[in-house]
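To start, the structure under review is shown below, and the notes come after it.
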Amino acid sequence: MSTHPGITIIGSGFAGLGMAIKLKEAGYHDFVILEKAGDLGGTWRDNTYPGCACDVPSHLYSFSYELNPGWSRMFSPRAEIRDYLRACVEKYGLAPHLRFGEEVTGLEYDDAARHWRVDVAGGGTFTTNAVVSATGALHVPSLPAIPGRETFGGPSFHSAEWDHSVDLTGKRVAVIGTGASAVQFVPRIAERVSRLHVFQRTPPWIHPKPDFPFSPRARRILRLPGATRALRNAIYWALESRALGFAVDPRLMGAHREVALRHLAAQVPDPALRARLTPGYTIGCKRVLISSDYYPALGRDNVELITDEVREIREGSIVDSSGRETEVDVLVHGTGFKVTSALDERRIVGRNGRKIQDAWQDGAQAYYGVTVAGFPNLFLLLGPNTGLGHNSVVFMIESQVRYVLGCLRLLSRTRARALDVRPEAQRAHNDRLQDRLNRRVWNTGGCGSWYLDEHGVNRTLWPGFTFEYWARTRTPRRGAYELIP
Ligand code: NAP
């Protein structure tokens, strides 16, 4: 590897690869992609739990410039998405830029030299002009601080670290958590286990999943000029219309609530079970899940929904707040990810020796989620307040990649060595964001979620339409940046 690559990308999921493709296209070839694992794919490499699939239709959850008429289903399984990313690496010639097994342990900005020092696990170190952090928002597993968790004697793992060496056939299995991952794997394992105990803290709102395989004929039609693009656009606008409820008028959420309640009523005939599955908060406050097989799985004879809080984990059992002890052989945590605290352990030191944790002591913030005041030439993809609950994050990634390229062009046009977003521009942007977010369903809907940090401030979501984000990030505003010669 060059001892001083011009640009260093961290991560080889959708964001890192999307950045690399566009860098090459723009004529930047002096870059590396550092990947801590031995393979590419990010989320779609790590999450291998049974039933793992995208919950955004594949024709939209893919690059706009790399449409794939051949998706097998409306919502493709993870292996197919990972293969899509591999095909992108092949097609765009990214392999020579990829470095596997290179975990970045620290980034430090050198004020005098105007470059970053990158430390990797094992002691390696090099310098680079710019860093693009494409490490994703959902990759640090969150394990709940339940007393006795370490004392459990049987196999125990997180959904994002699924232990495939454990055969669940005929076992008594407990699942803690009922989020987006759990609703996908619960139906798959329910068929195999002898008993499945699903511990639910808060019921999710669930919409039916309009999933279906594309027949060979449908795929042939999708290969006709413009057909895949038209389908993608139709999906985009259908999903984007969901933002009307939170961005324009909350009363529009009522229709979504009706769809979810009808789905629940149709799939759960038992009124007592239905009551325990009916959320008590406004729909949209947490991510609305989509599944057509989760409720039927809960209705199986060998499956039990437990809504009493998990109080203690023992060597071979789980004790809930009713005092009941449930004996289990295997424990699966579907408990989500550390999102707002994901960078807590990362050593990122910016100008004047300031750590990112200090810059973010009141909460993570950035300018349009991409640049952070005091950290010149550091670009975040899917950074603070750029997540979505209603549309494809690949759309946001593409907007951010274009924005980063705009920053690089600004640097070469002005012959500056680095750019640093002005603190006042970042502050004004975040004040506007938080003002909008404070009035939205995620803050007012009566639920807790990983969208909010420990102070109850939403540090994860973009509050409006995705096309607004796209429009606002088309070109970096020169006045928002200090250009460092
Ligand atoms: P999640 O949505 O954060 O769900 C975590 C679950 O664990 C929640 O039900 C939560 O309950 C529960 N939980 C956490 N701590 C607990 C405790 N101490 N006791 C009992 N329950 C506890 O996590 P996830 O399902 O892994 O999904 C995370 C995100 O990944 C999703 O929102 C989505 O963005 C993404 N995802 C996407 C796809 C896709 O297809 N695109 C698939 C899977 C995941 P509370 O609700 O009470 O907190």
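These values consider heavy atoms only, across backbone and side chains, with no hydrogens, waters or symmetry-generated copies. Note that the structure is predicted; figures quoted are calculated from it, not measured. All ligand and atom numbering here is 1-based and tracks the order in the structure. Numbering starts at 1 and runs along the sequence shown.
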Protein contact to atom 5 (C) of ligand 1 [nearest heavy atom, distance to 0.1 Å] = Gly334 O, 3.3 Å

Going by heavy-atom distance to atom 10 (C) of ligand 1, choose the closest among Arg201, Lys338, His139, His158.
-> Arg201

Would you check whether Val56 has a nitrogen or oxygen atom less than 3.5 angstrom from a nitrogen or oxygen atom of ligand 1?
-> no

Do Trp450 and Phe337 have their ring centres less than 6.0 Å from each other?
-> no

What atoms in ligand 1 come closer than 4.0 Å to a heavy atom of Lys286?
-> 45 (P), 46 (O), 48 (O)

Counting from 1, what ligand 1 atoms have a heavy atom of Gly177 closer than 4.0 Å?
-> 6 (C), 7 (O), 9 (O), 12 (C)

Is any N or O atom of Tyr49, backbone or side chain, closer than 3.5 Å to an N or O atom of ligand 1?
-> no

Verify side chain to side chain contact (heavy atoms under 4.5 Å, CB included) between Val131 and Ile10, making sure each step is shown before the conclusion.
-> CA-CA 8 Å; Val131 176; Ile10 310 172; 3.8 Å; yes

For residues Ser321 and Glu309, is any side-chain donor paired with an opposing acceptor at under 3.5 Å?
-> no

Look at atom 18 (N) of ligand 1 and say which protein heavy atom is nearest, naming residue and atom and giving the distance to 0.1 Å.
-> Pro144 CB, 3.2 Å

Which atoms from ligand 1 have a heavy atom of Gly179 less than 4.0 Å away?
-> 2 (O), 4 (O), 6 (C), 9 (O), 25 (O)

Would the Trp71 and Tyr84 ring centres measure less than 6.0 Å apart?
-> yes

Backbone or side-chain N or O of Ser159 under 3.5 Å from ligand 1 N or O | no

Where is the tightest heavy-atom contact between Ile81 and Cys54, given as atom of each residue plus distance?
-> CD1-CB, 3.6 Å

May I ask you to list the atoms of ligand 1 that are less than 4.0 angstrom from any heavy atom of Ala53?
-> 39 (C), 40 (O)

Are the aromatic ring centres of His207 and His263 under 6.0 angstrom apart?
-> no

Take Tyr281 and Trp442, measure what ring-ring contact (aromatic ring centres under 6.0 Å, His included) needs, and give me the verdict at the end.
-> CA-CA 10 Å; Tyr281 54 88; Trp442 311 293; over 10 Å; no

Under 4.0 Å from a heavy atom of Arg287: give me the atoms of ligand 1 that qualify, with their elements.
-> 31 (C), 32 (O), 33 (C), 34 (O)

Could an N or O of ligand 1 be found under 3.5 Å from any N or O of Val310, whether backbone or side chain?
-> no

For the ring pair Phe75 and His59, is the centre-to-centre distance below 6.0 Å?
-> no

Ligand 1 atoms in contact with Ile176 (distance to a heavy atom under 4.0 Å) | 19 (N), 20 (C), 21 (N)

Output field: ring centroids His429/Tyr368 closer than 6.0 Å | yes

Which residue supplies the protein heavy atom nearest to atom 23 (O) of ligand 1, what is that atom called, and how far is it?
-> Gly336 CA, 3.0 Å

Does ligand 1 have a heavy atom under 4.0 Å from the side chain of Thr178, from its backbone, from both, or from neither?
-> both

For ligand 1, does Phe199 get within less than 4.0 Å through its side chain, its backbone, both, or neither, judged by non-hydrogen atoms?
-> neither

Give the residue and atom name of whichever protein heavy atom lies nearest to atom 30 (O) of ligand 1, and the separation in Å to one decimal.
-> Leu138 CD1, 3.5 Å

Among Ile206, Leu305, Thr178, side chain to side chain contact (heavy atoms under 4.5 Å, CB included) partner for Leu277 = Leu305

For Glu325, look at atom CD and say whether over 12 heavy atoms of other residues, nucleotides or ligands are found less than 6.0 Å away.
-> yes

Write out the residue and atom name of the closest protein heavy atom to atom 31 (C) of ligand 1, then the distance separating them to 0.1 Å.
-> Ala180 CB, 3.6 Å

Cationic tip of Lys22 above Tyr65 ring, under 6.0 Å, 45° of axis | yes

Checking heavy-atom distances from atom 38 (C) of ligand 1 to each of Val288, Asp55, Val393, the winner is Asp55

To which protein heavy atom is atom 3 (O) of ligand 1 closest, and what is the distance rounded to 0.1 Å?
-> Trp450 CD1, 3.1 Å

Which atoms of ligand 1 sit under 4.0 Å from any heavy atom of Gln184?
-> 40 (O), 42 (C)

Verify the ring-centre separation between Trp44 and Tyr61: is it less than 6.0 angstrom?
-> yes

Tell me, which protein residue and heavy-atom name are nearest atom 26 (O) of ligand 1, and how many Å apart are they?
-> Ser181 OG, 2.7 Å

May I ask you to check whether Phe395 and Trp462 place their ring centers less than 6.0 Å from one another?
-> no

closest protein heavy atom to atom 47 (O) of ligand 1 is Thr202 OG1, 2.4 Å

